[in-house]
Amino acid sequence: MVQTSRIISRAAVRGSATGLLFMAFFGTLWAGTGVMGLQGWGFPYVELAAVFVGITLIIGGISLIRASKRLSNQVSQEDARRWKRIRFWFNITFIAEGLAIGIAIAICNATNFTDLIPAIIALIVGIHFLPLAHLFQLRLYYVTGLLLCLLAIITLLVVPESVTLFEHQIIAPLSIIGFGSALILWTTGLTIWLKAKKLLGIVRNNSLNSETGL
């Protein structure tokens with residue numbers, strides 16, 4: 001019971017909620033990149049589907065934040081120091097990611113390789129998940145990061161500049177990197193949501209058992 005309470009502290013649930021909101025927001029942005037590559041194909045159904053998924057995951061993140069209010073906010077000094085260290089290194093990683101993306105965009109623009117920007121950004125985002133996986137002790141982030149890197153590399157090396165889909169020409173790299181990254185991030189967010197809900201259910205059952213003396 002003590003161990004479960006530590007795992008599912010208010011800070012832990014809000015951390016999961018934050019991760020879910022990040023996946024929802026940036027996943028939807030990547031879907032927007034994929035929509036750009038379609039050049040009007042599937043309008044407006046593809047756009048509506050992407051927005052629906054994003055909003056659903058955002059609602060999930062908000063629900064986790066609300067659920068966290070029912071949990072204890074008391075943490076040991078060791079846990080408090082741990083969360084402070086996590087926040088510090090998360091901010092450092094996030095800043096480093098932003099700088100790397102900014103530098104990559106500047107270089108691509110200066111060398112007239114702007115078509116490489118989406119795949120390079122996806123590669124940087126994938127790499128940034130690897131230290132986060134170690135920081136949060138979350139193996140899921142290793143999978144997310146490696147999949148994003150693999151998607152970016154395949155897009156750069158294999159995907160043709162354009163393809164014809166149902167007699168409509170689309171920009172293949174944009175669509176593949178956009179929707180592929182969105183799917184990876186959304187799936188990661190959904191996994192985080194389901195795991196957090198499962199742990200919340202365990203805590204709720206333990207509380208009911210304690211109240212009934214079972």
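One is the number of the first residue; the rest follow in order along the sequence.
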Q: Could you give the distance from CG (L20) to CD1 (I62), rounded to the nearest 0.5 Å?
A: 9.5 Å
Q: With side chains defined as the heavy atoms from C-beta onward, is the minimum distance between L38 and F179 less than 4.5 Å?
A: yes
Q: Donor-acceptor pairs are to be reported for all side-chain atoms of residues 120-141 against protein atoms at under 3.5 Å, with residues two or more places apart or in another chain.
A:
unit_1 : atom_1 : unit_2 : atom_2 : d
H128   : ND1    : V125   : O      : 2.7
Q137   : NE2    : H134   : O      : 2.7

Q: More than 12 non-hydrogen atoms from neighbouring residues, nucleotides or ligands closer than 6.0 Å to CZ on F113, yes or no?
A: no
Q: Taking it one step at a time, do T28 and W186 satisfy side chain to side chain contact (heavy atoms under 4.5 Å, CB included)?
A: CA-CA 8 Å; T28 305; W186 283 338; 3.7 Å; yes
Q: Taking all atoms of both residues into account, what is the closest heavy-atom pair of P173 and V159, and its distance?
A: N-CG1, 3.8 Å
Q: Quick check on the hydrophobic clustering: are I184 and I101 connected, directly or via other members, by side-chain heavy-atom contacts under 4.5 Å?
A: yes
Q: Considering all heavy atoms of both residues, which atom of A67 and which atom of L200 are nearest to each other, and what is their separation?
A: CB-CD1, 3.7 Å
Q: Is there a chain of hydrophobic side chains (I, L, V, M, F, W, Y, each step under 4.5 Å between heavy atoms) that links F94 to I92?
A: yes
Q: Walk me through it: do L64 and W193 pass the test side chain to side chain contact (heavy atoms under 4.5 Å, CB included)?
A: CA-CA 8 Å; L64 290 181; W193 186 10; 4.2 Å; yes
Q: Carefully, step by step, assess L183 and W30 under the rule side chain to side chain contact (heavy atoms under 4.5 Å, CB included).
A: CA-CA 9 Å; L183 183 60; W30 275 112; over 6 Å; no
Q: Below 4.5 Å, heavy atoms only, C-beta onward: do H168 and T164 meet side chain to side chain?
A: no
Q: For A31 versus A182, what's the shortest heavy-atom pair and its separation?
A: N-CB, 3.7 Å
Q: Taking side chain to side chain donor-acceptor pair (under 3.5 Å) as the test, write out the residues that go with Q169, two or more places apart.
A: S162
Q: Taking all non-hydrogen atoms of both residues into account, name the closest pair between I177 and P118 and its distance.
A: CG2-CB, 3.7 Å
Q: Considering non-hydrogen atoms only, spot the tightest contact between I170 and Q39 and give its length.
A: CA-NE2, 3.8 Å
Q: With heavy-atom distances below 4.5 Å as the criterion, would you say the side chains of L21 and I65 are in contact?
A: yes
Q: A side-chain contact here means heavy atoms from C-beta on lying under 4.5 Å apart; do R85 and R82 qualify?
A: yes
Q: Can you hop from L194 to L57 via hydrophobic side chains spaced under 4.5 Å?
A: yes
Q: Is there side-chain contact between L151 and L147, with at least one heavy-atom pair below 4.5 Å?
A: no
Q: Side chains of L185 and L148, heavy atoms from C-beta outward: is any pair under 4.5 Å?
A: yes
Q: For S181, enumerate each residue passing the side chain to side chain donor-acceptor pair (under 3.5 Å) test, keeping only those at least two apart in sequence or located in another chain.
A: none
Q: Is there a donor-acceptor contact under 3.5 Å from the side chain of S16 to the main chain of I192?
A: no
Q: Rounded to the nearest 0.5 Å, what separates atom CD1 in I153 from atom SG in C149?
A: 6.0 Å
Q: Once you round to the nearest 0.5 Å, how far does CG of L146 lie from OH of Y142?
A: 9.5 Å
Q: How close do S68 and R14 get, heavy atom to heavy atom, and via which atoms?
A: OG-NE, 2.9 Å
Q: Following the transitive rule for hydrophobic clusters with a side-chain heavy-atom cut-off under 4.5 Å over Ile, Leu, Val, Met, Phe, Trp and Tyr, establish whether M36 and F26 coincide in one cluster.
A: no
Q: Take T18 and F90 through the test side chain to side chain contact (heavy atoms under 4.5 Å, CB included) and record every step on the way to the result.
A: CA-CA 12 Å; T18 300; F90 172 81; 5.7 Å; no
Q: Among the clusters formed by ILVMFWY side chains lying less than 4.5 Å apart, do L29 and F22 turn up in the same one?
A: yes
Q: Give, for atom CD1 of I154 and atom CG of L150, the distance between the pair rounded to the nearest 0.5 Å.
A: 4.0 Å
